[in-house]
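Position 1 is the first residue of the sequence, and the numbers go up from there. All figures in this text were calculated on a predicted structure; none of them were measured in a lab.
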Amino acid sequence: LDANKDSGILMSAEGSITYERINVVVDSGATNSALPLKYAPKQLGPVKGAESYTSCSGSKVYPLGSCQLKCSDQDGRPHHLNFEVMPVQRPLASVAKILEAGNKVVFQKDHSYIEPPNGQRVTIFNRGGAFYLPMWIKRKAGELTYQDDAEPQILAPISDGSVEASSGSGGPNSGHP
């Protein structure tokens with residue numbers, strides 16, 4: 001596997017599952033972790049962060065919901081990464097949120113990494129001054145992505161603490177988180 005490529009797809013031995021690599025940018029300036037809709041699971045949780053964010057270009061970005069992305073690092077170790085799903089170009093991992101979750105983040109010239117409480121370091125790669133984590137997500141054969149089917153199901157909290165599914169794109173003035 002080449003950690004220097006932006007994306008990649010592997011087929012499993014049985015051929016019914018593919019693994020798609022996504023490069024998650026580790027961003028020390030991000031207030032929350034953001035995931036493009038095309039990588040999000042079909043059901044989203046309610047928005048957990050702010051109602052809107054300001055992108056690096058200065059425009060407003062509105063979260064559509066939240067999710068926990070199940071993925072694996074380059075060594076095959078499983079991870080569950082929490083994201084706000086937003087109309088962004090690439091996945092961003094907020095250093096502040098990584099630290100808030102109890103991890104240690106180290107940026108060094110020759111070796112950067114995230115160290116969770118269990119001590120198993122995950123390498124952060126540096127390409128041209130941008131730091132990123134290559135992560136692998138499972139896709140079942142024939143599975144739709146949001147590029148194919150643009151109506152996400154948003155899980156909205158109801159009074160008893162459980163969640164209720166609703167359709168819609170979320171964002172401002174939509175009635176959805």
Side chains of [X] and [Y]: closer than 4.5 Å at any heavy-atom pair?
X	Y	answer
Lys138	Lys70	no
Asn23	Arg127	yes
Tyr53	Lys60	no
Met135	Arg21	no
His80	Leu69	no
Ile98	Ile114	yes
Val122	Glu115	no
Pro36	Pro87	no

Under a 4.5 Å side-chain heavy-atom rule over Ile, Leu, Val, Met, Phe, Trp and Tyr, are [X] and [Y] clustered together?
X	Y	value
Met86	Val25	no
Leu35	Val26	yes
Val88	Tyr132	no
Phe83	Ile124	yes
Val24	Val95	yes

Sidechain-backbone polar pair: [X] side chain, [Y] backbone, donor-acceptor under 3.5 Å:
X	Y	value
Ser94	Ala30	yes
Asp73	Asp75	yes
Ser55	Ser59	yes
Glu84	Lys48	yes

If you take all heavy atoms of Tyr62 and Glu51, which pair is closest and at what distance?
CD2-O, 3.5 Å

Can you give me the closest heavy-atom contact between Pro63 and Ala50, atom names plus distance?
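Taking Pro63 first and Ala50 second, the nearest heavy atoms are CG-O, 3.4 Å.
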
Roughly how far apart are [X] [atom1] and [Y] [atom2], rounded to 0.5 Å?
X	Y	atom1	atom2	answer
Trp136	Gln74	CH2	CD	10.5 Å
Ser33	Asp27	OG	CG	9.0 Å
Ile137	Leu81	CD1	CG	10.5 Å

Does the ring center of Phe107 lie less than 6.0 Å from the ring center of Phe131?
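Under 6.0 Å, so yes.
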
Counting neighbours of CD on Gln89 that are heavy atoms of other residues, nucleotides or ligands and sit closer than 6.0 Å, is the number greater than 12?
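No.
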
